[in-house]
Amino acid sequence: MPAHRSWTPSGPYDLVRNLSVLRRGPGDPAFQVSADGAVWRASRTPQGAGTIRLVRRGEAVEAQAWGPGADWLLDHLPALLGAEDDPSAFTPRHRLVHQAHRRHPGLRLIRTGLVLESLIPSILEQKVTSDEAYRGWRLLLQRHGEPAPGPAERLRVMPEPRAWALIPSWEWHRAGVDAKRSSAILRAVRAARRLEEATAMDLAAASARLQAIPGIGPWTAAETLQRSNGTPDAITVGDLHLPKIIGYALTGERGTDDAAMLQLLAPYAGQRHRAARLILLSGRVPPRRAPRFSVRDFRAI
């Protein structure tokens, strides 16, 4: 029988949107949204594999959990749903941001309390298209993960650190993951315990802890800590698209770089990640001038 818990947010709350930051593309084996609007998530917790199902019932969010990690997932339920987030600390400084803030009052920054489960897919997303990264994550979990506890048949739990370390080189190649990214993942899982300690650190210390691993830079650290720590100021630097989107949304100009993006977001110091989320939710993006990057197939190399 699954364990149960519930949590009632204060004010508006958007369950699927808030948790969707954990989904790594369509077909993510560790994340599903069912037809009834329930969110299913499989995790590798400090207590072992666990599955959690979350659904709105009136004003509350009801949770069921299965597996050795069930109690851990339920104990961390409020943080996962954004209870530690304080949206009242945010003040919009641009009309577009104000409008997005008003249209999305249920936005909360979630906190999983788990570093590796966000770090590994973030490493996979380094310097490749989203489709390439999502495919690699999907194939690695399907071949090397384990079936998630509970009734969700297609859900998979990512491998434990030792199992990641035992994946042979040709399996990384088969998943389309080049040696640079696979090597960074192998270094990360060897330091798993030290990396998981970052969930109790402030942004600067947590970012430094992650970046002490070769192959993990500011982009990867920010993408990880946004999810594991729910850090409202963890703005992603080094992204191919984000500066251009933010620059165009706030100024109407193209070609914004990281330095200019940080200048534009300076009024949101302490809340720059939240500001970026709202800007992305506004839907104001520069019109495409060039075709999308084609997906490279490293398996053919």
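To the nearest 0.5 Å, atoms CH2 (Trp172) and CG (Leu139) are separated by 12.0 Å. To the nearest 0.5 Å, the span separating OG1 on Thr256 from CG on Leu250 amounts to 8.5 Å. One finds the CG atom of Asp28 at 11.5 Å from the OG atom of Ser20 (value rounded to the nearest 0.5 Å).
Using a cut-off of 4.0 Å between Lys/Arg side-chain N and Asp/Glu carboxylate O, Glu146 and Arg44 are scored as salt-bridged.
Neither side chain, Arg102 nor Gln99, offers a donor N or O lying under 3.5 Å from an acceptor on the other. For the residue pair Glu223 / Thr236, a side-chain donor-acceptor distance below 3.5 Å is found, with atom types taken as modelled. If you check the side chains of Ser43 and Arg41, you find a donor sitting under 3.5 Å from an acceptor. A donor-acceptor pair shorter than 3.5 Å can be found between the side chains of Gln126 and Thr220. Side chains of His144 and Glu171: a donor on one and an acceptor on the other come within 3.5 Å. No hydrogens or angles considered: nothing links the side chains of Gln64 and Thr51 as a donor-acceptor pair under 3.5 Å.
Screening Leu80, Leu114, Val39 for a side-chain contact (heavy atoms from CB on, under 4.5 Å) involving Leu22 leaves a single residue, Leu80.
Residues satisfying the side chain to side chain donor-acceptor pair (under 3.5 Å) test with Asp86, not counting sequence neighbours, are Ser88. In terms of the side chain to side chain donor-acceptor pair (under 3.5 Å) criterion, residue partners of His94 (sequence neighbours excluded) are, by chain and number, Tyr268. Remark: Glu196 engages no residue in a side chain to side chain donor-acceptor pair (under 3.5 Å) (not counting sequence neighbours). Residues that satisfy the side chain to side chain donor-acceptor pair (under 3.5 Å) test with Ser122, not counting sequence neighbours, are Arg24. For Arg53, the salt bridge (charged side-chain N to carboxylate O under 4.0 Å, His left out) test picks out Asp36, with sequence neighbours left out.
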Hey, mind stepping through Glu62 and Ser6 against side-chain hydrogen bond (donor to acceptor under 3.5 Å, both in side chains) and telling me if it holds?
CA-CA 4 Å; Glu62 292 188 357; Ser6 67; over 6 Å; no
Do Asp178 and Lys127 pass the salt bridge (Lys or Arg N to Asp or Glu O under 4.0 Å) test, and can you show the C-alpha distance, the side-chain angles, and the key distance before you say yes or no?
CA-CA 11 Å; Asp178 57 68; Lys127 307 296 184 182; over 6 Å; no
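Figure legend: cation-pi geometry between Arg284 and Tyr248, with NZ or CZ positioned under 6.0 Å from the six-membered ring centre and within 45° of its axis.
Sorted by first then second residue, the side-chain hydrogen bond (donor to acceptor under 3.5 Å, both in side chains) pairs that include residues 153-168, not counting sequence neighbours, number zero.
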